[in-house]
A.B. asks: 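Would you mind keeping the following structure in view while I ask a few things?
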Amino acid sequence: MAFKRFVEVGRLCIISYGEHADKICVIVDIQDQGHVVIDATADSGVPRTVINVKRLKLTDVVVKLPRACKTSVVRKALEAQQAVQRFRETAWGQKVEKQRVRARLTDFDRFRVMVARKRRSQLIKHELGRLRSETKTSAS
Amino acid sequence: MSVFTKGSSERAERDAALQAAIKEQAAIISGTGNVIELKPSERAPKRKPSFYPVDARVRRLHTSAKKRSQKQRTRLRNSIQPGTVLIMLAGRFRGKRVVFLRQLEHSGLLLVTGPFALNGVPLRRVNQVYVIATKTRVDISGIDTSSVDDTWFTKGARKAREERKKARLRGADGSGGESTVKQCLPEEKKNLQKQIDGQVMKAVEGIPLLREYLSSRFTLTKGQYPHRMTF
């Protein structure tokens, strides 16, 4: 198995620990074996900092960036290359989005989801039973 | 120093009153109605207190709700507004979802209703620490609940309890037989419950699935941590 995601300049990451957990950032520079400099979009609220690589989850998305470039350049590049949007389109990104939505549901929303799920499984069960009986009658 | 003198003067006053009372008693007993002067030897001896109070007795001040300042009143949590759906956490109605009507002035408790027809919770008082406030709200503006206050819940309750107890004791003897006093709510309370619930129900029917939501009990399932959830 060859590795596909590397710690490299321009790699989009998700912070896994601390104040900015679950936020998206990008690697701007590599300090040593364990530490990198990260930066992010303005709306994420993540400041330009040095962070331990252990606290980063690497994504598939890589942005073309000059090494150790300024915050303004990083933000422009992220915007122009639609980095965050590209991540949201991946299966991982969609899962994260789904989790975010689910976490924000109120008690009443959860109840409505429960009812909808019940209804769906009921429909599926009904349809499946119909198909089964059809195949049985056609076979005999 | 002044404390002692004051104390002694009070004691003297009390003794004088005691002597007067004894005289009066003696007069009644003798049937004459005349006040008989007692000899000094017949008087009640002056008693020294066997102990001195260590601390001034703490007296609870009973202030009416109106007199209480804003600071002394129970502060309602910001998340609880009229019409908020609450989840009850304690007592026999735990897990029930109820509608908050208003905060009661005197006790600071929450006035809630099931509505009764949906989940069996009557008009009831709850402490706000025993509920979870949800973000769901029912529009209950225009519902008049002013006839319900703290006394509405306590009035007559004690008498009824005592009567039931008496009936139970009679039943235990075997002399009284079955208790004749049944535990039941006065008709006017039932009517008020119906009247308020009817208005709440109108608002509830306006939102799809809300009726079913209020009828169901709240539970936690696997992987749900209440401190991490939004309600």
Side-chain angles (χ1 to χ4, degrees), chain A residues 13-25 40-41 43-47 51-52 54-57 59 84 87-88 90-129, chain B residues 77-81 83-89 93-100 112 114-115 118-119 121 126 128 130-140 200-201 203-231:
Chain A
C13 303
I14 293 177
I15 302 168
S16 62
Y17 184 90
E19 191 192 344
H20 299 294
D22 300 331
K23 286 180 186 170
I24 296 171
C25 65
T41 52
D43 57 336
S44 70
V46 180
I51 195 169
N52 196 318
K54 282 181 190 173
R55 295 185 176 184
L56 291 178
K57 289 186 270 190
T59 71
V84 178
F87 171 69
R88 295 242 183 275
T90 62
W92 183 7
Q94 278 173 7
K95 193 171 92 176
V96 167
E97 179 63 20
K98 200 174 156 189
Q99 282 169 344
R100 209 168 56 90
V101 170
R102 274 286 161 93
R104 275 187 308 181
L105 289 188
T106 67
D107 192 43
F108 185 36
D109 291 336
R110 278 192 292 274
F111 179 80
R112 284 194 287 201
V113 168
M114 187 263 283
V115 171
R117 279 165 64 98
K118 267 182 160 178
R119 175 141 179 75
R120 185 182 63 179
S121 60
Q122 204 179 14
L123 285 173
I124 291 170
K125 212 172 158 187
H126 185 75
E127 189 68 10
L128 202 67
Chain B
R77 270 199 325 247
N78 286 339
S79 52
I80 303 174
Q81 299 286 332
T84 300
V85 174
L86 307 173
I87 301 167
M88 308 255 277
L89 296 176
F93 295 115
R94 70 182 81 94
K96 299 269 190 183
R97 286 155 176 146
V98 298
V99 178
F100 169 64
V112 300
L118 287 189
N119 51 24
V121 183
V126 215
Q128 59 177 334
Y130 297 119
V131 296
I132 294 174
T134 69
K135 285 188 175 144
T136 312
R137 270 184 82 181
V138 183
D139 180 26
I140 60 154
V200 175
M201 282 301 283
V204 167
E205 299 290 358
I207 304 167
L209 279 180
L210 190 62
R211 192 196 158 92
E212 288 79 357
Y213 171 66
L214 287 172
S215 322
S216 67
R217 246 179 212 266
F218 169 75
T219 49
L220 284 173
T221 52
K222 228 180 352 181
Q224 282 188 324
Y225 306 102
H227 56 285
R228 285 193 205 156
M229 285 154 69
T230 42
F231 289 92

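First the proteins, then the strands, lettered A, B, ... as listed; each starts at 1.
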A.B. asks: So, using ring pair (Phe, Tyr, Trp, His ring centres under 6.0 Å) as the criterion, who are the partners of B:Phe218 when residues are at least two apart?
C.D. replies: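 B:Phe218: ring pair (Phe, Tyr, Trp, His ring centres under 6.0 Å) contacts with B:Phe231.
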
A.B. asks: How long is the gap from OG1 on B:Thr136 to CZ on A:Arg112, to the nearest 0.5 Å?
C.D. replies: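 If we round to the nearest 0.5 Å, B:Thr136:OG1 and A:Arg112:CZ are 7.5 Å apart.
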
A.B. asks: Give, as side chain, backbone, both or neither, the part of B:Leu210 having an atom under 4.5 angstrom from any heavy atom of chain A.
C.D. replies: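 When you check distances to chain A, atoms from both the backbone and side chain of B:Leu210 fall under 4.5 Å.
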
A.B. asks: According to salt bridge (Lys or Arg N to Asp or Glu O under 4.0 Å), does anything in residues 210-231 of chain B pair up with another residue at least two apart or in another chain? List the pairs.
C.D. replies: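 Pairs touching residues 210-231 of chain B that pass the test: B:Glu205-B:Arg211.
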
A.B. asks: As a quick check of understanding, evaluate side-chain contact (heavy atoms from CB on, under 4.5 Å) for A:Val115 and B:Tyr213, giving each step before the final call.
C.D. replies: CA-CA 10 Å; A:Val115 171; B:Tyr213 171 66; over 6 Å; no

A.B. asks: Between CZ of A:Arg110 and CE of B:Met229, what distance do you get to the nearest 0.5 Å?
C.D. replies: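 One finds 3.5 Å between CZ of A:Arg110 and CE of B:Met229.
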
A.B. asks: For the candidates B:Thr134, B:Ile87, B:Leu209, which exhibits the highest count of non-hydrogen atom pairs separated by less than 4.5 Å from chain A?
C.D. replies: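 The candidate making the most pairs under 4.5 Å is B:Leu209.
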
A.B. asks: What residues of residues 14-25 of chain A sit under 4.5 Å from chain B when you count only heavy atoms?
C.D. replies: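 Those residues of residues 14-25 of chain A which would need a heavy atom under 4.5 Å from chain B do not exist here.
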
A.B. asks: Of the non-hydrogen atoms in B:Ser216 and A:Phe111, which two are nearest, and what is the gap between them?
C.D. replies: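 Minimum heavy-atom separation between B:Ser216 and A:Phe111: OG-CE1, 3.4 Å.
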
A.B. asks: Applying a heavy-atom distance below 4.5 Å, give me the residues of residues 91-105 of chain A that approach chain B, sorted by number.
C.D. replies: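 The stretch touches chain B at A:Ala103, A:Arg104, A:Leu105.
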
